[in-house]
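As structure tokens, the structure follows; a few thoughts come after it.
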Amino acid sequence: MRSTASVLHLDLDAFFAAVEQRDKPSLRGKPVIVGGTGGRGVVATASYEARTFGVGSAMSGREARARCPHAAFLSGRFHAYRETSAWVMEVLRELSPLVEPLSLDEAFVDLAAADLPDLEVSTVTAAGERLRQRVHEVTGGLTATVGIASSKFLAKVASELDKPDGMTVVPPGTELTLLRPMKVTVIPGVGPATAERLRRAGIHTIAELEAVEEDELVRLLGQAQGHGLWQLARARDPRPVLAERETKSISVEGTYDTDLNDRRVMEGLLARQARDVGARMRKNGFSGRTVTIKVRLHDFTTLNRSSTLSSPTDDGTTIARIARSLLADLDTTGGVRLLGVGVSGLADWVQEDLFGSTPEEDEAEEVRLLEPPRRTWPPGADVVHDEMGQGWVWGSGSGVVTVRFETAETPPGPVRSFRDDDPALRRLEPPAED
DNA sequence: TCTGGGGTCCTAGGACCC
DNA sequence: TCTGGGGTCCTAGGACCC
């Protein structure tokens with residue numbers, strides 16, 4: 001927690017629905033519901049007019065229709081949402097270079113990195129109001145709600161307090177006074193299951209949470225969550241605003257209007273999803289080693305099965321083959337409502353290739369390649385060499401083999417890509433372990 | 001005929017290694 | 001013929017977020 005209110009959280013109000021109302025004037029002032037259109041869909045966003053009827057996010061489309069039959073139900077135009085979101089993020093970056101998007105409609109901004117004369121409450125308040133005005137102009141009339149406080153946690157809590165089209169600044173030193181009367185469910189990370197556990201322990205408010213010993217919370221909720229909540233109950237939150245977040249997995253899934261019973265149909269759908277995952281990976285420069293399938297049965301029980309390859313892939317056919325073999329081990333009697341495929345354990349080498357390399361880096365790589373090879377290799381590695389030295393196959397896919405060259409001085413060493421039929425690549429016997 | 005899609009993080013057990 | 005403990009990797013499931 002900082003001594004100044006310098007973390008800003010911005011939340012675009014009813015974002016998807018607001019974009020629809022902006023682009024289609026006939027929808028303005030009327031209940032608009034994005035999502036929930038399919039047989040098993042749920043509501044992604046309800047406009048404030050629709051919320052009046054008790055419609056909210058994650059509600060089934062069936063129930064939303066029952067509560068608000070005259071609403072406009074739309075399936076969503078994600079290109080428009082992405083475009084408008086990008087405009088907003090640009091506006092935030094004009095204020096501070098340190099912007100952490102959380103989703104299309106939410107972000108943290110670090111005001112300590114902004115070009116402001118100071119971080120007094122009056123100064124950050126004025127900056128927040130200017131920001132809301134700029135967002136309104138740039139998006140063609142969308143409104144945003146802002147919270148400003150001394151940590152991510154407090155800024156996010158603050159932005160919930162004056163929705164829509166409002167702002168709350170928490171003066172430093174007043175955090176606990178604000179938090180203590182609130183329910184524990186305002187804490188991000190306390191969902192229905194955690195709230196129920198806390199309720200059974202007689203804990204409803206943050207003041208009650210604050211009174212519990214740390215050991216007791218860890219016993220109740222586990223190490224990470226117990227310790228985390230103990231800290232948050234004291235308004236302690238040292239998490240920095242981070243502009244870059246690493247992608248950990250890429251997946252595609254689908255829920256079908258009627259349950260699937262034919263295994264060949266399931267295999268076909270998995271294969272298509274696997275191709276889509278592979279295409280997205282190549283487009284974004286990722287490859288990964290762990291392929292996971294997700295299967296939701298008719299009764300909503302959800303199964304995951306995964307398999308880890310010895311080297312990363314971005315190839316849809318490879319992903320599909322593994323997905324099919326993982327499905328083969330599952331009993332899908334009774335029907336399947338959802339199928340999904342994902343890849344995790346992402347390697348970073350293709351990403352690095354996207355940025356290219358500088359002459360200095362190239363020269364450094366040449367130097368490393370001339371150094372004597374390291375004589376240990378990962379178990380089962382495919383050891384190869386070219387005229388420059390020895391390495392081991394780190395990744396393959398799309399007709400390309402990636403080789404990591406290791407030296408004693410600089411593990412992990414440089415990475416080179418070859419076509420997999422490149423005659424310069426010769427396979428070697430792995431050297432004996434020493 | 002209640003319960004989306006795309007993610008992140010945590011836990012827990014077993015294998016394996018030192 | 002008895003057996004500790006730590007670390008890492010892998011797998012499965014669950015909670016949570018927008």
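FYI, side chains are in, hydrogens and waters are out, and symmetry mates aren't considered; it's all heavy atoms of this structure. Lettering follows sequence order; numbering is per chain, from 1.
Note on Gly36(A): nothing from the nucleic acid sits closer than 4.0 angstrom, heavy atoms only. Within the 4.0 angstrom heavy-atom criterion, no nucleotide atom of any strand lies near Leu104(A). Backbone-only engagement by Gln223(A) is indicated by non-hydrogen atom pairs under 4.0 Å involving sugar-phosphate atoms exclusively. Within the 4.0 angstrom heavy-atom criterion, no nucleotide atom of any strand lies near Gly35(A). Among the heavy atoms of the strands, none lies under 4.0 Å from Val43(A). Gly342(A) comes within 4.0 angstrom of nothing in the nucleic acid, heavy atoms only.
Proximity of Arg296(A) to the phosphate of dG4(B): a side-chain N or O atom is located under 4.0 Å from OP1 or OP2. Residue Arg40(A) has no polar side-chain atom (N or O) positioned under 4.0 Å from OP1 or OP2 of dT1(B). Phosphate contact (OP1/OP2 of dC18(C), side-chain N/O of Lys156(A), threshold under 4.0 Å): present.
For the C1' atom pair drawn from dT1(B) and dC18(C), the interatomic distance equals 26 Å after rounding to whole Å. Annotation: dT3(B) and dC16(C) have their C1' atoms spaced 15 Å apart (nearest Å). Spacing of P atoms, dG14(B) relative to dG4(C), comes out at 16 Å, to the nearest Å.
The CG atom of Leu297(A) sits 15 Å away from the P atom of dC2(B) (whole-angstrom rounding). One atom, CD of Glu253(A), and another, P of dT3(B), lie 14 Å apart when rounded to the nearest Å. Between Arg65(A) atom CZ and dC2(B) atom P there is a gap of 15 Å when expressed in whole angstrom units. Note: CZ (Phe300(A)) to P (dC2(B)) measures 11 Å, nearest angstrom. Counting to the nearest Å, the P atom of dA15(C) and the CD atom of Gln225(A) are 11 Å from each other. If you measure from atom CG of Asp259(A) to atom C1' of dT3(B), you get 13 Å, rounded to the nearest angstrom. Nucleotide dT1(B) holds its P atom 14 Å from the CG atom of Asp299(A), rounded to whole Å. As a whole-Å value, the separation of Leu338(A) CG from dG4(B) C1' is 9 Å.
Comparing Arg245(A) and Thr255(A) along DNA chain B, the residue whose closest nucleotide (by nearest heavy atom) sits nearer the 5' end is Thr255(A). Across the interface with DNA chain B, nearest-nucleotide mapping of Ser57(A) and Leu221(A) shows Ser57(A) to be the residue nearer the 5′ end.
Stacking of Arg65(A) on the aromatic ring of Phe73(A) is recorded, both the 6.0 Å distance cut-off and the 45° axial limit being met.
The side-chain heavy atoms of Arg2(A) and Val7(A), taken from C-beta on, include a pair separated by under 4.5 Å.
Helix-axis bend for the helix from dG5(B)-dC18(C) to dC18(B)-dG5(C): the local axis fitted to the five terminal pairs at one end deviates from that at the other end by 10°, rounded to 10°.
Judged purely by distance below 3.5 Å, without hydrogens or angles, the side chains of Ser159(A) and Thr145(A) never pair a donor atom with an acceptor atom.
Comparing atom distances between the Ser60(A) side chain and each of dC18(C), dA15(C), dT3(B) picks out dT3(B) as nearest. Here dA15(C) is the nucleotide among dC18(C), dA15(C), dG4(B) with the atom lying nearest to any side-chain atom of Thr194(A).
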With side chain to side chain donor-acceptor pair (under 3.5 Å) as the criterion, how do Asp315(A) and Thr313(A) come out once you've worked through the C-alpha distance, each side chain's angles and the decisive distance to 0.1 Å? CA-CA 6 Å; Asp315(A) 174 45; Thr313(A) 186; 5.0 Å; no

Dump the intermediate steps for ring pair (Phe, Tyr, Trp, His ring centres under 6.0 Å) on His70(A) and Phe53(A), then the final yes or no. CA-CA 11 Å; His70(A) 58 296; Phe53(A) 294 88; 4.9 Å; yes

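The distance from the OG1 atom of Thr292(A) to the CD1 atom of Ile319(A) is 11.0 Å, given to the nearest 0.5 Å. Rounding to the nearest 0.5 angstrom, the gap separating the NZ atom in Lys183(A) from the CG atom in Leu209(A) is 15.0 Å.
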For a quick check, with a 4.0 angstrom heavy-atom cut-off, what is the B/S/- contact string for nucleotides 5-14 of chain C, read 5' to 3'? -----SSSS-

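Annotation for Glu137(A): atom CD counts as buried by contact number, over 12 foreign heavy atoms lying within 6.0 Å. Heavy-atom neighbours of Arg263(A) CZ from other residues, nucleotides or ligands within 6.0 Å: above the threshold of 12. The 12-atom threshold is exceeded at CZ of Arg296(A), counting heavy atoms of other residues, nucleotides or ligands nearer than 6.0 Å.
The aromatic rings of His227(A) and Trp230(A) lie parallel to each other, with less than 30° between the two planes, well short of the 60° mark.
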